[in-house]
2 protein chains.
Amino acid sequence: MTETVRRPTRQQAAVLAALDEVQEFMSAQQLHSRLREQGASVGLATVYRTLTALAADDEVDVLRTDEGESVYRRCASEDHHHHLVCRACGRAVEVDGPAVEDWAARVSAAHGFRDVRHTLEIFGTCDRC
Amino acid sequence: MTETVRRPTRQQAAVLAALDEVQEFMSAQQLHSRLREQGASVGLATVYRTLTALAADDEVDVLRTDEGESVYRRCASEDHHHHLVCRACGRAVEVDGPAVEDWAARVSAAHGFRDVRHTLEIFGTCDRC
DNA sequence: GCAAACTTGACAATGATTCTCATTTCCGTC
DNA sequence: GACGGAAATGAGAATCATTGTCAAGTTTGC
């Protein structure tokens, strides 16, 4: 694991704090606006840099919306897991499926693929929406 | 199903033909260059429009690369399926996993989600690379 | 053959993300 | 506590895929 060494700064702390406040996946742009509203002055480029770094260290999860925007979320589980995301309110539930992992590994092996990684996200409308 | 009625044109045929020639997922930009190289004069906007329309009618499969680019592929199977994609050569194998579909449905229901849809792609390095 | 409706293409516009680079901040050291 | 080099930041420019615009070209039904 190539854990990047980042220097602790006010800005990075602010980004992490903002992420901790929500259960939804948020885009860099949304986080930036949110921070500015709260009075924290953090540059947009810095928000992007911080999120990218956090994602590289697996401290946040990233996924792409249908529109191609990257959205980030601080997850409770450190381990590999997937998400059930409400397409209306954006709320996300962390789920894991050992069966899926096995299936993916089996299928990959059967076709001679190595170093496999997979993405699996479920989108729907939650009971509150 | 809201099947869009499209008028048959030289350009759309060219895009489909180009897609049929390859087993890899290709971006709109790549297809456009390919068409121009082959001498077929098709505007970039038209390539985008055609691909979007085809995707809406489920005649091609779309997925997003890590870089956020949309890539398209003409698939043999009309039914719902997933892909095992080589990250080196781009070759894709169509696979399906009934177990995964069941699992997704079960998990969604357990959390009260409706109208669920999921994305699942596996990336790896194939035996030829 | 004709008009209405649809499609195309060149280019502008958009919007997220990344790059640039001068300035600021952090950290170990003196 | 001050100092110097390295890393981080911010403002704006630059990039790049994708979408919008609109005049001109095609297709279809009649």
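Convention: sequence-line order gives letters A, B, ...; per-chain numbering from 1. Only a predicted model underlies this, so the values are computations on that prediction, with no experimental measurement involved.
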Practice item. Could you tell me whether the phosphate oxygens of D/dA8, OP1 or OP2, come under 4.0 Å of any side-chain nitrogen or oxygen in A/T9? Key: no
Practice item. Report yes if at least one side-chain N or O of A/Q11 is closer than 4.0 Å to OP1 or OP2 of D/dG10; otherwise report no. Key: yes
Exercise for review: Using atom types as modelled and distance alone, determine if a side-chain donor or acceptor of A/R114 lies under 3.5 Å from a backbone N or O of B/C126.
Suggested key: yes
Practice item. Indicate yes or no for a side-chain donor-acceptor contact from A/R64 to the backbone of B/D66 under 3.5 Å, with no hydrogens or angles considered. Key: yes
Practice item. Apply side chain to side chain contact (heavy atoms under 4.5 Å, CB included) to A/T50 and A/T9, showing your working. Key: CA-CA 10 Å; A/T50 303; A/T9 64; over 6 Å; no
Review point. How would you give the extent of chain B contacts on DNA chain C, as first and last nucleotide 5' to 3' within a 4.0 Å heavy-atom cut-off?
Key: C/dA5 to C/dA10
Extract all donor-acceptor atom pairs below 3.5 Å that involve side chains of residues 84-93 of chain A and protein atoms in other chains or at least two apart in sequence.
from: A/R87; atom 1: NH1; to: B/D115; atom 2: O; distance (Å): 3.0
from: A/R87; atom 1: NH2; to: B/D115; atom 2: O; distance (Å): 3.3
from: A/R91; atom 1: NH2; to: A/D127; atom 2: OD1; distance (Å): 3.4

Exercise for review: Please determine if A/E94 and A/R73 form a salt bridge, counting it only when a charged side-chain N lies under 4.0 Å from a carboxylate O.
Suggested key: yes
Point to revise | Nearest-Å distance for atom pair CG/P, residues A/L51 and D/dA8 | key: 15 Å
Exercise for review: Sugar-phosphate means primed atoms, P, OP1 and OP2; the rest is base. With that split, encode nucleotides 14-24 of chain D 5' to 3' as B, S or - using protein heavy atoms under 4.0 Å.
Suggested key: ---SBBBB---
Exercise for review: Measure across A/A14 and A/L35 and return the closest heavy-atom pair with its distance rounded to 0.1 Å.
Suggested key: O-CD2, 3.6 Å
Practice item. Show your working on side chain to side chain contact (heavy atoms under 4.5 Å, CB included) between B/E21 and B/Q38 and close with a plain yes or no. Key: CA-CA 12 Å; B/E21 288 172 10; B/Q38 298 179 343; 3.2 Å; yes
Point to revise | side chain to side chain contact (heavy atoms under 4.5 Å, CB included) between B/T119 and B/L63, intermediate numbers included | key: CA-CA 9 Å; B/T119 62; B/L63 58 85; over 6 Å; no
Review point. Can you find a donor-acceptor N/O pair under 3.5 angstrom joining the side chain of A/R7 to the base of D/dA8?
Key: no
